[in-house]
Q: 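Let me give you the structure first, and then I'll get to my questions.
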Amino acid sequence: MKKLYDVIIVGAGSGGVILSLLLARQGIDVLMLERDVQPLHDIRSEILQPNGQKVLDDLGLLKTIPTEAVHQTHQFDFFRIGKGRLCTFNYGDLPVPYNSALTAFSGPLHQHVLDATAAETTLTVLYGAVFNGLMRRGKTVMGVMAEHEGRNYDIRAKLVVGADGIKSAVRKALGIPAQVYQYPEGYLLGVLQRPPGFDHRSRYYIGRKEILGLHPVPNDQLYFFYLLSNATRAGLDAAGFESIKNAMAEIDPSLAQPLKQLTRLDQTIFRPCFRVRSKTWVADGAVIIGDAAHAMNPHVSQGRMQAMQDAVALSHVAQGCLAKGDCSALSLEAFERERRPHVEMLQRLGDEQTFFWNSASPVIQFTVDRVLRTLDDNARLRYQVLTTTAGLRQQSPFSLTDKLVAVGLLPDFRSDAG
Ligand SMILES: Cc1cc2nc3c(=O)[nH]c(=O)nc-3n(C[C@H](O)[C@H](O)[C@H](O)COP(=O)(O)OP(=O)(O)OC[C@H]3O[C@@H](n4cnc5c(N)ncnc54)[C@H](O)[C@@H]3O)c2cc1C
């Protein structure tokens with residue numbers, strides 16, 4: 001390990017790894033520190049939306065994703081539990097070439113991107129390296145203090161990037177005020193043998209404070225996520241687990257057989273959900289990206305995509321700052337100005353969806369059904385929602401008038417198709 005780098009990135013998650021590649025490919029000297037001793041490989045899956053696909057494509061990494069990592073999904077069917085289909089979103093409506101969603105096993109997908117870092121001669125990736133604090137001169141960040149294999153290191157850098165997730169130690173060390181909100185509900189995740197009917201279609205069931213999502217993933221498997229309150233998960237025992245399985249089989253009877261393979265709670269993972277609002281993302285000599293700056297509710301399925309888009313935007317700004325020899329907060333602000341509006345729109349949308357979809361209120365459920373049925377009939381509004389989820393639209397999917405149309409209080413004079 002050297003004593004001075006151009007850029008030190010703390011955290012080799014999706015944002016950190018993409019940024020490290022982009023910078024190294026510009027010949028910038030990068031050290032990336034990752035606390036875990038090796039990349040995480042578990043059953044976690046995520047949707048690689050069109051905006052994320054473009055980021056990987058621009059890096060030459062989309063077409064080479066191994067088939068065991070991703071599955072192409074064209075349609076998302078939304079159902080009211082016990083009552084039938086409400087709406088279908090068809091990714092085929094989006095512009096080519098990114099006109100499908102890729103439902104991905106996060107581990108192999110991440111490994112694929114990590115593998116590409118090995119070819120970069122100006123990039124050092126250090127696993128089992130924990131960020132412990134910042135080196136400063138006055139207010140300016142000069143580097144990091146880190147621990148690796150029982151030894152402490154002071155490593156200097158012109159720019160330090162906190163890509164270290166929701167509980168970001170870099171954000172704390174920078175003294176950036178942040179609201180870290182944990183939603184009352186998270187998701188129980190698991191993988192089943194895929195029953196018929198899911199080949200390129202995902203299902204999303206909404207009920208009374210109940211959500212079940214089902215995505216086809218590689219190897220003929222089906223990934224499920226089931227909404228669960230943090231309190232229920234904390235007290236969940238074998239009997240409680242059985243009742244969740246029964247509830248899932250009742251929602252979608254095709255799961256009854258595959259669920260028999262799921263005999264223990266430890267075959268599943270529980271992921272809590274957070275929102276992070278940071279007052280600023282930049283400081284003199286440092287910047288935070290991804291969940292460290294702006295985690296959002298997974299309803300929008302954009303958290304990882306936004307971390308990757310941060311990486312792209314920051315790589316351009318950082319290149320300019322390094323060339324000028326000026327990594328002050330004022331210079332780095334261009335990054336935050338570019339990214340904040342999109343991210344905040346998605347955070348608001350995630351919270352709106354949480355309010356409506358996670359609700360037990362019959363009035364709200366009625367409204368949700370009405371909106372989804374309107375979307376099913378209204379190609380214009382449906383496209384606006386789809387492009388937002390796909391990460392291709394910067395502004396909110398609905399104007400005030402659109403909201404009134406969506407709940408059926410106004411006719412849509414602008415719609416020309418069903
Ligand atoms: C249930 C659920 C479903 C989701 N589904 C989707 C989806 O479908 N699509 C999508 O785009 N997003 C999804 N997300 C969001 C997505 O997982 C996150 O937004 C994304 O992983 C954030 O990436 P990141 O690089 O900012 O942070 P992370 O992926 O959290 O990476 C941070 C890294 O920093 C490391 N680190 C932390 N502290 C230190 C330290 N002190 N020293 C060194 N290293 C450190 C960590 O070990 C980690 O590797 C979902 C989230 C949840 C909870």
Side-chain angles (χ1 to χ4, degrees), residues 8-20 31-40 43-53 55 70 73 76 101-107 109-110 113-114 125-134 144-148 160-173 182-183 185-190 202 204 211 213 215 217 223-228 268-276 281 288-311 314 343 346-347 350 389-391:
I8 294 178
I9 301 170
V10 180
S14 34
V17 173
I18 296 287
L19 179 64
S20 73
L31 172 67
M32 183 161 59
L33 305 173
E34 169 54 48
R35 176 181 60 187
D36 289 343
V37 288
Q38 59 186 32
L40 199 63
I43 54 173
R44 223 169 281 215
S45 300
E46 278 166 2
I47 302 175
L48 185 58
Q49 298 283 0
N51 58 332
Q53 293 173 33
V55 172
V70 291
T73 299
F76 286 70
L102 298 178
T103 41
F105 279 125
S106 311
L109 178 63
H110 190 59
V113 183
L114 262 177
V125 184
L126 216 56
Y127 271 81
V130 184
F131 166 86
N132 276 334
L134 293 167
V144 304
M145 294 178 273
E147 195 218 305
H148 183 238
V160 172
V161 181
D164 52 342
I166 291 159
K167 295 183 179 160
S168 173
V170 175
R171 184 185 67 227
K172 283 182 201 142
Q182 181 169 7
Y183 293 89
E185 291 103 13
Y187 288 95
L188 191 73
L189 317 172
S202 288
Y204 201 95
I211 292 175
H215 295 312
V217 281
Y223 173 72
F224 72 80
F225 52 93
Y226 186 75
L227 188 79
L228 210 58
T268 64
I269 291 179
F270 181 73
R271 280 189 83 182
C273 301
F274 292 87
R275 187 212 317 112
V276 172
W281 303 351
I288 52 174
I289 67 168
D291 276 8
H294 52 63
M296 59 189 66
N297 191 281
H299 272 319
V300 282
S301 73
Q302 272 289 330
R304 184 179 293 271
M305 306 303 106
Q306 293 305 309
M308 288 161 65
Q309 289 208 277
D310 281 357
L314 180 59
V343 159
L346 290 168
Q347 286 187 314
T389 309

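Indexing begins at 1, ligand by ligand and atom by atom, following the structure's order.
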Q: Just to be sure I understand the cut-off, which residues have at least one non-hydrogen atom under 4.0 angstrom from an atom of ligand 1?
A: V10, G11, G13, S14, G15, L33, E34, R35, D36, E46, I47, A129, V130, F131, A163, D164, G165, Y187, R271, P272, G290, D291, P298, S301, Q302, G303, R304, M305, A307
Q: Identify the two heavy atoms, one from Y183 and one from F274, that lie closest to each other, and give their separation to 0.1 Å.
A: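 Minimum heavy-atom contact is CE1-C, 3.5 Å.
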Q: List in chain and number order the residues that pass side-chain hydrogen bond (donor to acceptor under 3.5 Å, both in side chains) with S301, two or more places apart in sequence or in another chain; answer none if no residue qualifies.
A: Q49
Q: Report the residues that fulfil ring pair (Phe, Tyr, Trp, His ring centres under 6.0 Å) with H215, sequence neighbours left out, ordered by chain and then residue number.
A: F76, F225
Q: If I compare all heavy atoms of V300 with all of L346, which pair ends up nearest, and what's the gap?
A: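 So the two residues come closest at CG1-O, 3.7 Å.
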Q: What closest approach, in Å, do T389 and Q302 show between heavy atoms, and which atom pair accounts for it?
A: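 T389 and Q302 have their closest heavy atoms at O-NE2, 2.9 Å.
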Q: Mind checking what makes ring pair (Phe, Tyr, Trp, His ring centres under 6.0 Å) contact with H299, not counting sequence neighbours?
A: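 If we apply the ring pair (Phe, Tyr, Trp, His ring centres under 6.0 Å) test to H299, skipping adjacent residues, the hits are W357.
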